[in-house]
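What follows is a short report on a single structure.
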Amino acid sequence: AWQTTDGFDHAAFFILNVDESARSVDLLFKFAANERIALHRHGAAYRTLVLQGELRIYRPNGDLKEIRPVGSYISGRAGGEPHTEGGGDQDVIVFNTNRDIDGPVYEILDDRHETVTTFGMSDFKALFQAQASSTT
């Protein structure tokens with residue numbers, strides 16, 4: 001059962017695991033076809049695997065940076081260029097694992113690249129608990 005969070009259009013998620021002792025969060029994302037999610041930056045090391053569709057990555061100015069087809073596996077470090085992303089001509093489903101979490105997992109940014117909100121380990125733990133309650 002896909003979960004959503006108010007204010008984050010075109011994105012749904014399903015949390016697979018939150019492990020505070022290992023400092024990791026594993027989840028699935030589903031991004032809507034031909035749409036983009038909020039501008040953000042990764043605050044933890046991550047790995048992604050595209051399971052369905054194609055993942056489109058956009059630079060902050062809106063230019064297409066990269067297209068990742070089904071089966072694409074990427075390993076990235078914390079920080080990096082802010083970006084948006086979304087699905088191609090169909091919804092995209094991506095497995096995402098975040099490792100070595102020490103602070104925000106994601107920083108959601110405005111058009112000036114100022115932090116609007118963050119999602120950290122405690123936020124994912126709360127979302128994971130709410131998800132478990134909604135599926136029982």
Side-chain angles (χ1 to χ4, degrees):
W2 292 105
Q3 308 295 306
T4 58
T5 299
D6 290 341
F8 294 96
D9 298 333
H10 316 299
F13 63 90
F14 185 83
I15 300 172
L16 301 166
N17 190 47
V18 175
D19 187 333
E20 291 180 288
S21 62
R23 299 181 358 213
S24 66
V25 173
D26 300 330
L27 63 161
L28 296 171
F29 281 114
K30 181 166 66 169
F31 303 140
N34 299 308
E35 297 289 352
R36 298 179 195 181
I37 64 168
L39 183 66
H40 65 282
R41 178 183 302 121
H42 294 261
Y46 64 93
R47 292 175 180 86
T48 62
L49 174 63
V50 180
L51 302 174
Q52 172 186 294
E54 63 180 26
L55 180 63
R56 294 181 180 179
I57 310 293
Y58 299 89
R59 294 192 190 310
N61 68 1
D63 290 346
L64 181 64
K65 177 181 178 180
E66 182 179 354
I67 296 175
R68 298 179 187 164
V70 168
S72 296
Y73 176 82
I74 301 294
S75 178
R77 293 184 287 204
E81 180 182 39
H83 60 279
T84 63
E85 51 198 299
D89 290 334
Q90 69 174 14
D91 292 351
V92 64
I93 297 177
V94 178
F95 170 75
N96 185 274
T97 182
N98 300 278
R99 297 284 184 245
D100 303 322
I101 298 169
D102 185 23
V105 177
Y106 302 111
E107 293 177 287
I108 309 304
L109 309 171
D110 64 16
D111 292 338
R112 295 172 297 167
H113 301 191
E114 299 291 327
T115 302
V116 175
T117 192
T118 61
F119 285 92
M121 182 68 76
S122 61
D123 300 301
F124 280 107
K125 186 176 177 183
L127 289 168
F128 192 40
Q129 291 169 342
Q131 175 182 285
S133 297
S134 72
T135 58
T136 56

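Proximity of the aromatic rings of H113 and H40 is defined here by a centroid distance below 6.0 angstrom, and this criterion is not met. Ring-centre distance between H10 and F31: not below the 6.0 Å cut-off. A ring-centre distance under 6.0 Å is found for F8 and F119.
One finds a salt bridge joining K125 and E20 here, because a Lys/Arg side-chain nitrogen approaches an Asp/Glu carboxylate oxygen to under 4.0 Å.
There is no path of hydrophobic side-chain contacts, each under 4.5 Å, that joins F124 to F14. In this structure, L109 is not a member of the same hydrophobic cluster as F29, with clusters built from ILVMFWY side-chain heavy atoms closer than 4.5 Å. In the hydrophobic cluster analysis, where Ile, Leu, Val, Met, Phe, Trp and Tyr join through side-chain heavy atoms closer than 4.5 angstrom, I57 is grouped apart from L39. A chain of hydrophobic side-chain contacts below 4.5 Å, direct or via other Ile, Leu, Val, Met, Phe, Trp or Tyr residues, connects W2 to L51. Grouping the Ile, Leu, Val, Met, Phe, Trp and Tyr side chains by contacts below 4.5 angstrom, directly or via other members, places V94 with V18.
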- Query: Does the pair V25 and M121 meet the rule for a side-chain contact (heavy atoms from CB on, under 4.5 Å), with working shown?
  - Reply: CA-CA 8 Å; V25 173; M121 182 68 76; 4.0 Å; yes

- Message: Checking R36 against E85 for the salt bridge (charged side-chain N to carboxylate O under 4.0 Å, His left out) test, could you report, in this order, the C-alpha distance in whole Å, the side-chain angles of both residues, the deciding distance, and whether it holds?
- Response: CA-CA 5 Å; R36 298 179 195 181; E85 51 198 299; over 6 Å; no

- Apply the test side-chain contact (heavy atoms from CB on, under 4.5 Å) to residues K30 and L28: give CA-CA distance (whole Å), side-chain angles for both, the deciding distance (0.1 Å), then the verdict. CA-CA 7 Å; K30 181 166 66 169; L28 296 171; over 6 Å; no

- Message: If you apply the rule salt bridge (charged side-chain N to carboxylate O under 4.0 Å, His left out), what do you find for E81 with K65, and how did you get there?
- Response: CA-CA 11 Å; E81 180 182 39; K65 177 181 178 180; 3.5 Å; yes

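Note that CG of L55 is 10.0 Å distant from CD1 of I67, once rounded to the nearest 0.5 Å.
Two residues are said to be in side-chain contact when any heavy atoms from C-beta on lie closer than 4.5 Å; E35 and D9 fail this criterion. Inter-residue side-chain proximity for N34 and D89 is flagged as met; some heavy-atom pair is nearer than 4.5 Å. In this structure, L127 and T5 have side chains that are in contact, with non-hydrogen atoms separated by less than 4.5 Å. Residues E66 and R56 form no side-chain contact, since every pair of their non-hydrogen atoms from C-beta on lies 4.5 Å or further apart.
The nearest pair of heavy atoms linking E54 to P69 is CB-CA, 4.2 Å. Contact record, T115 with E107: OG1-OE2, 3.5 Å, taken as the closest heavy-atom pair. Considering every non-hydrogen atom in both A44 and R99, the closest pair reads CB-O, 3.7 Å. Minimum heavy-atom separation, A12 to T4: CB-CG2, 4.1 Å. Taking all atoms of both residues into account, the shortest heavy-atom contact from A32 to D91 is CA-OD1, 3.4 Å. For A11 against I37, the heavy-atom pair with the smallest separation is CB-CG2, 3.7 Å.
Not one N or O on the side chain of D19 forms a donor-acceptor pair closer than 3.5 Å with the backbone of R23. N98 places no side-chain N or O within 3.5 Å of a backbone atom of S24 that could act as its donor or acceptor partner.
For N61, the CG atom is densely surrounded, since the number of other residues' heavy atoms within 6.0 Å is greater than 12. No more than 12 heavy atoms of other residues, nucleotides or ligands lie within 6.0 Å of CG in D111, so this atom counts as exposed by the packing criterion.
Of the options T117, T118, N96, a side chain to side chain donor-acceptor pair (under 3.5 Å) to Y106 is made by N96 and by none of the others. The side-chain contact (heavy atoms from CB on, under 4.5 Å) test with Q131 singles out one residue from I15, L16, L27, and that residue is I15.
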